[in-house]
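For reference, the structure is listed below as structure tokens.
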Amino acid sequence: MQRIGVFVCHCGTNIAATVDVKAVAEALSHEPGVVISQEYQYMCSEAGQNLVKDAIKEYGLTGVVVCSCSPRMHENTFRKAASSAGLNPYLVEIANIREQCSWIHKDIATATEKAVILGKAAIAKVHLNTPLTAGESPVAKRALVIGGGIAGIQTALDIAEAGFEVDIVEKEATIGGKMAQIDKTFPTLDCAACILTPKMVEASQNEKITIHSYSEVSAVKGFVGNFTATIKKKKRFVDETKCTGCGLCTEACPMKKVPNAFNLGLDNRSAIYIPFAQAVPKVATIDPNYCLKLRKGDVNDKVCGKCAEACTVGAINYHQQDEYIEQKYGAIVVATGFNPIKLDKYDEFAYNQCPDVVTSLELERLMNAAGPNGGTLLRPSDKTHPHKIVFVQCVGSRCDDSKGKPYCSKICCMYTAKHAMLIREKYPDTEVYVFYIDVRTPGKNFDEFYRRAVEQYNVHYIKGMVGKVTPKADGTIDVQASDLLSNEQLHIDADMVVLATAIEPDKTARPLATMLTTQMDTNDFFTEAHAKLRPVESATAGIFLSGACQGPKDIPETVAQASAAASKAIGLLVKDSITCNPCVAHSNELMCNGCSACEKVCPYGAITYQDKEFRMPDRTTAIRRVAGVNPAVCQGCGACTVACPSGAMDLNGFSNSQIMAEVDAICK
Amino acid sequence: MNNNLKEQVIRSSGVNVLKCMRCGKCSGTCPSYDEMEYHPHQFVYMVEKGDIETLMKSESIYKCLTCFACVERCPRNVEPAKVVEAVRLAAIRKQGNNHLIADNIPEMLDEDLPQQAIVTAFRKYTK
Amino acid sequence: MQVNENKEFQPLIVAFCCNWCSYAGADLSGTNRLNYPTNVKIIRVPCSCRVNPMFILRAFQKGADGVILCGCHPGDCHYTSGNYFTRRRMTLLFSMLDFLGIERDRTRVEWVSAAEGAKFAATMNEFTEAVKKLGPNRRLEDLRCRKQ
Amino acid sequence: MQEAIISKAKQLLADGTVNRVIGWKKGEFAYDITPAIFESAEEIDADFVYDDFTSANVSKYLVKESKKEGKILAFLKPCDTYSLNQLTKEHRVNRENIYVVGIPSDGKLDAEKIKAKGITGITGVEKDGDTLKINTIYGEETMPVAEAMSNKCLSCKSRKHVTYDELIGEDGEVITSDRFDMVEKLENMTSQERYDFWRNELSKCIRCNACRNVCPACTCENCVFNNPDSGVENKAAADSFEENMFHIIRAFHVAGRCTDCGECSRVCPQNIPLHLLNRKFIKDINSLYGEYQAGADTTSKAPLNDYTQDDCEASIVHERGVE
């Protein structure tokens with residue numbers, strides 16, 4: 001038999017002025033199971049709490065109903081009080097008679113009547129409450145960072161700094177990402193390599209950080225604090241532990257006509273390569289699509305083998321295979337970054353027809369000292385100095401068509417101003433035109449930077465869009481555009497055209513999101529748990545977001561988010577175990593159909609199936625597929641309980657029968 | 001400002017002028033730009049403002065080649081050429097003349113010719 | 001509920017509110033002292049997607065005259081996607097009730113954020129008025145549950 | 001057709017492909033054909049029937065049968081294959097244990113419709129073009145085939161088998177049907193008219209549960225209406241609300257999963273047009289969330305377990321034309 005205590009709070013006059021609290025306490029004292037019904041000035045005060053505690057002990061209460069302010073206010077207070085008096089905290093229910101009764105109603109009679117009904121509903125519910133225990137789940141003290149760009153590096157460094165092991169998984173042969181390809185950074189114009197490469201070295205030298213370059217995450221299982229990831233180390237045909245990065249092999253390699261991916265194909269490299277001088281790890285990799293030996297298919301053939309001959313440490317291994325590593329992690333940070341979109345669909349900009357029409361990232365390489373021209377800006381077609389350069393903004397950004405992206409890529413306005421300024425600084429004889437729709441420069445020192453380009457460097461900013469780019473026989477490029485402010489159509493004979501290409505999330509992001517059961521928007525950017533208040537967490541516990549995988553970002557924003565993601569991950573890793581919310585779903589295996597409806601609506605991937613043997617009513621045994629909920633992953637939304645046709649899924653703390661009881665009590 | 005005309009133009013063109021982000025790519029791409037008093041982007045903007053009569057009076061509506069370059073390249077799918085065509089239609093309707101002579105149609109037909117081009121040509125030149 | 005000719009009909013309205021947005025929104029309208037009728041009784045659920053159509057039918061069975069379901073705005077769900085499922089489920093359920101000849105205005109879904117105390121109160125006022133106009137729920141009630 | 005099916009059944013039993021066959025046998029009368037399991041050629045020769053009255057969809061029986069030892073052979077009409085596919089998708093049957101032979105169906109007859117013409121003592125029927133010859137103990141009668149066709153076949157949606165291991169005869173196509181006409185007619189009534197229509201229909205309900213028991217989507221291990229903890233358990237129709245509640249919940253539970261096989265209405269002893277409730281959901285789903293045919297495949301997400309960010313709001317119901 002239930003023994004329920006009811007405690008009605010006056011909240012000074014907050015409740016008592018509009019609700020006759022004595023009458024409420026009196027009315028509720030006649031409800032079934034109620035053994036004591038009291039009212040008091042301030043239930044949340046120490047004296048008030050003691051009233052509850054004493055009653056629990058004295059009457060041996062099995063349930064407590066507090067008629068007071070919103071449960072969002074003091075539910076925890078009363079749960080703790082109950083707990084300290086030896087009653088399971090989840091046997092406490094709150095009837096909200098302040099925010100949802102006394103404060104909104106004026107008539108004492110009707111407000112009191114409503115307060116009694118709310119109290120009855122809480123009593124009806126508490127009859128069905130069951131003691132719940134918050135489970136604990138251990139935390140693996142290791143973090144996985146997916147992506148080794150500036151976002152991943154910064155996150156890894158911060159986590160390692162806090163004393164935790166971190167693994168970086170990078171799909172390319174070196175970490176560094178897009179920032180390594182950038183020449184200078186806005187708005188300070190310092191060299192990207194000068195600030196990035198020390199961080200790369202720091203990461204490689206940090207004992208807590210393990211870098212898996214040329215690797216991919218191939219599977220992730222588990223849940224917060226307890227993920228298991230499988231990392232595929234792709235075969236690079238070079239033993240990482242032996243290679244010293246001396247570069248003798250790259251010189252020896254006879255196959256020198258491989259498009260250099262690091263320089264975006266603007267020059268060539270050898271089939272065995274180190275992406276760039278400061279690569280981390282500085283280890284050679286053989287590109288099997290170009291290597292004369294590997295391309296043949298039979299490595300035992302006596303073809304070439306020059307790199308193995310040149311290597312003084314015997315690091316070359318033509319027989320190397322993909323390697324799989326399985327590792328446990330407590331937290332995962334996604335930092336998969338971005339790429340410029342493909343421009344195949346934009347015929348009007350002649351990107352595929354004319355080598356002198358380049359993307360902004362290609363321009364970075366063309367201007368970089370380690371780039372194809374050693375830092376001198378030359379036209380890719382004839383290696384002459386360009387005297388007139390046209391920049392086109394918003395190529396593929398802010399589009400509402402099938403070709404481009406609907407969002408603003410955010411970084412283009414600033415890097416174009418940077419490019420324009422750098423060119424005017426280095427080559428004052430070069431005229432620079434920028435066609436823009438809007439110049440967007442929110443950010444510290446950003447607008448000042450753009451104004452300097454106009455005022456100090458005399459860059460011609462023209463409001464209007466380029467309509468057509470036509471390469472001409474004399475090697476120049478006709479740029480046809482509108483100047484909206486002077487209301488005329490312009491034709492500019494340019495030597496080079498630079499397209500501020502929209503950026504999009506890396507292609508690896510979507511399969512990864514599926515693996516991690518995190519959510520993505522329609523543009524394949526990862527969705528944060530809350531747009532305003534939880535911007536670096538994914539909705540899936542234990543998965544954090546860093547950098548441009550969550551949305552277009554410049555370097556300072558990326559680094560800020562990287563550190564924020566790191567601190568969230570650290571906050572998780574410092575715990576030995578995490579307390580789980582006990583109000584989670586559970587499946588009644590006897591009723592479960594195994595139909596997978598619940599699994600399909602679970603936003604957290606908390607539901608899994610297994611085949612279990614059951615004794616059937618006719619005394620035979622049968623194998624049935626039944627759902628199980630992982631309480632550490634479930635967040636207790638209840639979507640599954642409604643998707644379940646048989647009613648096998650139910651939610652602790654908000655069970656079907658509890659809510660029905662409330663409905664009944666209110667409608668009685 | 002003539003709301004009736006504006007509605008008519010918007011309805012007959014099927015264009016949502018509010019999608020325009022004023023980038024001017026249509027005008028940047030237009031081969032008849034210099035012939036036109038009002039340019040493609042202005043058509044869109046003026047229709048949005050409801051200033052249709054000015055456009056109807058302008059020669060510009062007959063200068064558009066209906067080459068659809070602006071439709072092809074508009075990043076916002078606004079389709080300015082359809083707006084121009086709709087204004088042209090509004091002007092022709094107002095003149096109360098029916099330039100379509102049914103008897104002439106069969107000769108003009110050609111499998112490869114887009115139907116819109118025939119209709120446009122009639123509206124423009126048969127007077 | 002008996003309709004007394006001397007007294008205005010007072011409908012019974014059950015409001016299911018999700019804990020994170022709408023329940024907080026209801027609290028806010030209380031904090032701001034924004035009045036709405038006592039007819040409305042709120043039941044707290046973790047997410048609007050916890051509301052089983054059976055709860056709504058049960059409320060009607062037991063004598064509720066209107067049922068309103070409040071959740072976070074689409075896209076703002078605390079559990080990221082719960083209210084999207086709610087939206088589909090309730091659209092279909094309400095459409096079915098309409099198909100069976102149950103008055104449409106007895107059911108409603110409204111998205112109320114934790115900041116929209118004023119919207120919560122306004123919605124409840126409006127909804128109560130609409131249900132009041134319809135009169136008592138006769139078409140979907142269980143006569144055995146009627147108050148004597 | 002019956003000969004071809006029988007010989008196929010015997011062949012597959014003989015070569016060991018299957019150890020059981022689910023088919024049909026005669027009941028009390030010539031027209032009440034009932035599903036049955038056969039384990040030998042002798043049993044098949046004795047009882048197996050496939051004729052114009054063979055309507056019953058056997059896919060639901062496979063929930064239990066496919067979990068038993070050995071493979072079972074099932075003969076499925078096009079509409080039945082949708083049910084089986086849906087059950088496969090929901091992991092309710094073990095598809096590997098089922099050998100499906102798709103059989104064509106040109107529409108089944110409804111004995112009630114024949115009897116309504118005053119024709120009784122039916123011993124057999126024969127289709128002759130558009131005319132139906134009916135043998136009765138009182139002699140031969142005729143009537144147009146179309147008038148004897150069962151309702152579910154009159155609004156047939158597909159003659160295509162969506163899953164099979166083997167086919168007898170040619171496969172058909174998905175066809176356009178007028179199956180939503182009646183739903184639309186009801187939608188265009190006033191709220192009061194709809195209420196009156198359904199009160200009239202649903203008040204006939206005797207809560208025999210036949211609709212639930214025959215429904216291939218209703219295969220729950222423990223139905224909510226049998227579960228004392230569900231809060232909706234009830235056995236008999238005691239009040240107008242009971243029938244409403246039962247049929248609304250049942251329709252909602254199968255929404256997005258109902259293949260529109262029409263069995264619920266076929267078996268209803270009170271002739272309540274229960275399929276209209278399911279079709280209303282199907283029609284709504286098609287118009288609000290895009291065309292969806294449950295059972296057409298085994299991979300797509302059911303509409304109620306799916307969403308898009310720009311789904312319509314529930315208020316769309318309030319904005320619709322007729323009140």
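These values consider heavy atoms only, across backbone and side chains, with no hydrogens, waters or symmetry-generated copies. Numbered from 1 within each chain, the chains take letters A, B, ... in sequence-line order. Here the structure is a predicted model, which means the values were calculated and not measured.
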| Check ion pair B:Arg22-B:Glu48 (N to O, under 4.0 angstrom) | yes
| remark: Applying a strict 4.5 Å limit to non-hydrogen atoms, the region of B:Gln42 in contact with chain A is side chain
| Heavy-atom pairs under 4.5 Å with chain B, option from A:Lys463, A:Glu488, A:Glu348 with the top count | A:Glu348
| query | Side chains of A:Thr336 and A:Arg510: do they bring a donor and an acceptor to under 3.5 Å? | reply | no
| Under 6.0 Å from the CZ atom of A:Phe446, do we count more than 12 heavy atoms belonging to anything else shown? | yes
| query | Measuring from A:Tyr407:OH to A:Ser397:OG, what's the distance to the nearest 0.5 Å? | reply | 7.0 Å
| Got a salt bridge between A:Asp495 and A:Lys388, using NZ or NE/NH1/NH2 to carboxylate O under 4.0 Å? | no
| query | If you count heavy-atom pairs under 4.5 Å between each of A:Leu490, A:Asp347, A:Asp401, A:Val466 and chain B, which one has the most? | reply | A:Asp401
| request: Under 4.5 Å heavy-atom distance to chain A, tell me which part of B:Cys74 shows up: side chain, backbone, both or neither. | output: backbone
| request: Name the option with the most non-hydrogen atom pairs under 4.5 Å to chain B; the candidates are A:Pro406, A:Gly404, A:Cys399, A:Ala481. | output: A:Cys399
| request: Select, from A:Lys468, A:Gln480, A:Lys403, A:His491, the one with the greatest count of heavy-atom pairs under 4.5 Å involving chain B. | output: A:Gln480
| said: Check the orientation of A:His385 and A:Tyr427. Use parallel for under 30°, tilted for 30 to 60°, and perpendicular for over 60°. | reply: tilted
| request: Tell me, out of B:Val78, B:Asp34, B:Thr29, who's got the most heavy-atom pairs with chain A below 4.5 Å. | output: B:Thr29
